[in-house]
Amino acid sequence: MNRTEFIARMEQIAPPELAEEFDFGRIGLLVEGKDEIEHIACALDATPAVAKAAADGGFDALVVHHPAFWNSMHGVTARNAEIVRPLIKADVNLYAMHTNFDHAEDGINDALAEELCLKDCVRMSLGVVGTLTTSLSEAAKILGCGLRVWGDVDNISRIAVVGGSAFDWELIEEAVSLGAEAYLASELKYNMALESPIPCIEATHYALEAPGMRALAKREVWTFIDGTPLTKIIE
């Protein structure tokens, strides 16, 4: 397919109009490469290492979840140059789908719920509430990361799961209204943990969102480039 067809397919998967306002200018085609696109890689983040892997792997396009460039640029230097340089040299297109893929059907949050084997799911404005069919210990093994828990989760059944940094008062209240007995996301702040009406469960940002990109790669027959950060729990 040509680049126009590629962009149309990306917008079908994650319609740009679903994106939050702060994503304006940060999603879509970020680096223009070759016009004909057949071999596609995807990853959660466009780190310098992932960009080099995409270039070295002979891919025509790299699709990522997180925008590669958060701040306006008046020059391509430092880390931004490390990302852009190998992509331009190898003529690789870079495309980002962020909060539009969070909200999309079969996007980040639907994939997370499926990864955790949740049943009887109800979609939130962002995230999913479903019934646990595994223990939290098993969920941690599925996600490949430790879970930090605030509150008593011994007898919970219904849980809200939201990919990424999503501990938000309105979302927690929505989750409660839908019957959630606990809330799973990443990057929990202390005051929210203290005051949340339901227990808070914190996983890593990568662990909660990578399943969505892996599932996308499987559906589209792309290659997933893993960028799992090295983490461990010291007790």
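Bear in mind that the values here come from a model prediction, so they are computed numbers and not experimental data. One-based numbering along the sequence shown.
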A.B. asks: Count I, L, V, M, F, W, Y as connected when their side-chain heavy atoms are under 4.5 Å apart, and connections chain through other members. Are Leu30 and Phe24 then in the same cluster?
C.D. replies: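 Cluster IDs for Leu30 and Phe24 differ.
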
A.B. asks: Check step by step if ring pair (Phe, Tyr, Trp, His ring centres under 6.0 Å) holds for His205 and His66.
C.D. replies: CA-CA 11 Å; His205 199 125; His66 293 132; 5.0 Å; yes

A.B. asks: With a 4.5 Å cut-off on side-chain heavy atoms, are Ile40 and Met1 touching?
C.D. replies: yes

A.B. asks: Determine whether the side chains of His103 and Asn109 contain a donor N or O and an acceptor N or O closer than 3.5 Å.
C.D. replies: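 Note: His103 and Asn109 side chains miss the donor-acceptor criterion.
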
A.B. asks: Verify, without hydrogens or angle tests, whether Tyr95 (side chain) and Ala61 (backbone) share a donor-acceptor contact under 3.5 angstrom.
C.D. replies: no

A.B. asks: Measure from the side-chain N and O atoms of Asp102 to the backbone N and O of Ile108, and report whether any donor-acceptor pair falls under 3.5 Å.
C.D. replies: no

A.B. asks: Pairing donors with acceptors under 3.5 angstrom, does anything connect the side chains of Ser186 and Glu202?
C.D. replies: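 Result is no, nothing qualifies.
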
A.B. asks: Can you name the nearest heavy-atom pair linking Val84 to Phe69, along with the distance?
C.D. replies: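 What the structure gives for the nearest pair is CG2-CZ, 3.5 Å.
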
A.B. asks: Evaluate the side-chain contact (heavy atoms from CB on, under 4.5 Å) criterion for residues Asp110 and Arg123: first the C-alpha distance (whole Å), next the side-chain angles of each, then the deciding distance (0.1 Å), finally the verdict.
C.D. replies: CA-CA 8 Å; Asp110 288 348; Arg123 298 190 78 194; 3.3 Å; yes

A.B. asks: Are more than 12 heavy atoms from other residues, nucleotides or ligands located less than 6.0 Å from atom CD of Glu11?
C.D. replies: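 Above 12, so yes.
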
A.B. asks: Spell out, yes or no, whether Ile159 and Met192 are grouped together once hydrophobic residues are joined by side-chain heavy atoms under 4.5 Å, including indirect joins.
C.D. replies: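 Ile159 and Met192: separate clusters.
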
A.B. asks: Show the numbers, then the answer: is there a side-chain contact (heavy atoms from CB on, under 4.5 Å) between Arg158 and Leu178?
C.D. replies: CA-CA 9 Å; Arg158 297 284 286 175; Leu178 294 173; over 6 Å; no

A.B. asks: With side-chain contact (heavy atoms from CB on, under 4.5 Å) as the criterion, how do Thr131 and Leu118 come out once you've worked through the C-alpha distance, each side chain's angles and the decisive distance to 0.1 Å?
C.D. replies: CA-CA 5 Å; Thr131 299; Leu118 300 188; over 6 Å; no

A.B. asks: Looking at side-chain heavy atoms only, is the closest gap between His39 and Trp222 below 4.5 Å?
C.D. replies: no

A.B. asks: Quick one: are Leu94 and Val64 in side-chain contact, heavy atoms under 4.5 Å?
C.D. replies: yes

A.B. asks: Taking all heavy atoms of Ala185 and all of Phe167, pick out the closest pair and write down the distance.
C.D. replies: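 Distance-wise, the nearest heavy atoms are C-CE1, 3.4 Å.
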
A.B. asks: Can you tell me how far the OG1 atom of Thr204 sits from the CZ atom of Arg148, to the nearest 0.5 Å?
C.D. replies: 12.5 Å

A.B. asks: Among the clusters formed by ILVMFWY side chains lying less than 4.5 Å apart, do Leu112 and Ile156 turn up in the same one?
C.D. replies: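 Yes, Leu112 connects to Ile156 through the hydrophobic network.
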
A.B. asks: Do Leu116 and Leu143 make a side-chain contact, defined as non-hydrogen atoms from C-beta onward lying under 4.5 Å apart?
C.D. replies: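 In contact.
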
A.B. asks: How far does CD of Glu174 sit from OH of Tyr183, to the nearest 0.5 angstrom?
C.D. replies: 8.5 Å

A.B. asks: Look only at the side chain of Asn2 and the backbone of Asp35, and say whether a donor-acceptor pair between them is shorter than 3.5 Å.
C.D. replies: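 It does not hold such a pair.
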
A.B. asks: Distance check, rounded to the nearest 0.5 Å: Asn80 atom CG versus Arg85 atom CZ?
C.D. replies: 11.0 Å

A.B. asks: Find the distance between CG (Leu132) and CG (Asp120) and round it off to the nearest 0.5 Å.
C.D. replies: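 Answer for the CG-CG pair, Leu132 versus Asp120, is 11.5 Å.
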
A.B. asks: Does Glu17, at its CD atom, have more than 12 non-hydrogen atoms belonging to other residues, nucleotides or ligands within less than 6.0 Å?
C.D. replies: yes

A.B. asks: Could you tell me whether the side chain of Arg26 and the main chain of Trp70 form a donor-acceptor pair under 3.5 Å?
C.D. replies: yes

A.B. asks: Distance from Ile27 atom CD1 to His98 atom NE2, nearest 0.5 Å?
C.D. replies: 9.5 Å

A.B. asks: Is there side-chain contact between Phe6 and Val63, with heavy atoms separated by less than 4.5 Å?
C.D. replies: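 Yes, their side chains come closer than 4.5 Å.
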
A.B. asks: Looking only at atom types and distance, does a side-chain atom of Thr47 sit under 3.5 Å from a main-chain N or O of Val50, one as donor and one as acceptor?
C.D. replies: yes

A.B. asks: Locate the shortest heavy-atom distance separating Ala55 from Pro86; write the atom from each residue and the value.
C.D. replies: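 Where Ala55 meets Pro86 most closely, the heavy atoms are CB-O, 3.4 Å.
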
A.B. asks: Under 3.5 Å, is there a donor-acceptor pair between the side chain of His65 and the main chain of Ala96?
C.D. replies: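 No; zero donor-acceptor contacts below 3.5 Å.
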
A.B. asks: Which heavy atom of Ala14 sits nearest a heavy atom of Asn100, and at what distance?
C.D. replies: O-ND2, 2.9 Å

A.B. asks: So does Cys117 get a backbone contact from the side chain of Thr133, meaning a donor-acceptor N/O pair under 3.5 Å?
C.D. replies: yes

A.B. asks: Establish whether Met10 and Leu87 are linked, either directly or via other cluster members, by ILVMFWY side-chain heavy-atom contacts under 4.5 Å.
C.D. replies: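 No: no chain of side-chain contacts under 4.5 Å links Met10 to Leu87.
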
A.B. asks: Do the side chains of Glu181 and Ile198 get nearer than 4.5 Å, heavy atoms only?
C.D. replies: no

A.B. asks: Show your reasoning for whether salt bridge (charged side-chain N to carboxylate O under 4.0 Å, His left out) applies to Glu36 and Arg3.
C.D. replies: CA-CA 6 Å; Glu36 290 300 317; Arg3 191 186 310 110; over 6 Å; no

A.B. asks: Can you find a heavy atom in the side chain of Leu184 that is under 4.5 Å from one in the side chain of Leu208?
C.D. replies: yes

A.B. asks: Kindly say whether Ser135 contributes a backbone atom to a donor-acceptor pair with the side chain of Glu138 at under 3.5 angstrom?
C.D. replies: yes

A.B. asks: Under the 3.5 angstrom rule, does the side chain of Thr99 hit a backbone N or O of Glu20 as a donor-acceptor pair?
C.D. replies: yes

A.B. asks: Assess whether salt bridge (charged side-chain N to carboxylate O under 4.0 Å, His left out) is satisfied between Glu220 and Arg9, documenting all intermediate values.
C.D. replies: CA-CA 10 Å; Glu220 297 295 315; Arg9 176 59 184 150; 2.5 Å; yes

A.B. asks: For Val128 versus Ala113, what's the shortest heavy-atom pair and its separation?
C.D. replies: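 Minimum heavy-atom separation between Val128 and Ala113: CG1-CB, 3.9 Å.
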
A.B. asks: I'd like to know if the side chain of Asp226 pairs up with that of Thr228 as donor and acceptor (distance under 3.5 Å, no hydrogens or angles considered).
C.D. replies: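 Yes, a side-chain donor-acceptor pair sits under 3.5 Å.
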
A.B. asks: Say you draw a straight line from CZ of Arg214 to CG of Leu216; how long is it, rounded to the nearest 0.5 Å?
C.D. replies: 12.0 Å

A.B. asks: So which atom in Ala68 and which in Arg79 form the shortest heavy-atom distance, rounded to 0.1 Å?
C.D. replies: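 Between these two residues, the closest heavy atoms are O-NH1, 3.8 Å.
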
A.B. asks: Taking Val92 as the starting point, is it possible to reach Val31 by hopping between hydrophobic residues whose side chains are less than 4.5 Å apart?
C.D. replies: yes

A.B. asks: Is it the case that over 12 heavy atoms from other parts of the model lie below 6.0 angstrom from the NZ atom of Lys34?
C.D. replies: yes

A.B. asks: Please tell me if the side chains of Thr223 and Cys42 come closer than 4.5 Å, counting only heavy atoms from C-beta onward.
C.D. replies: no

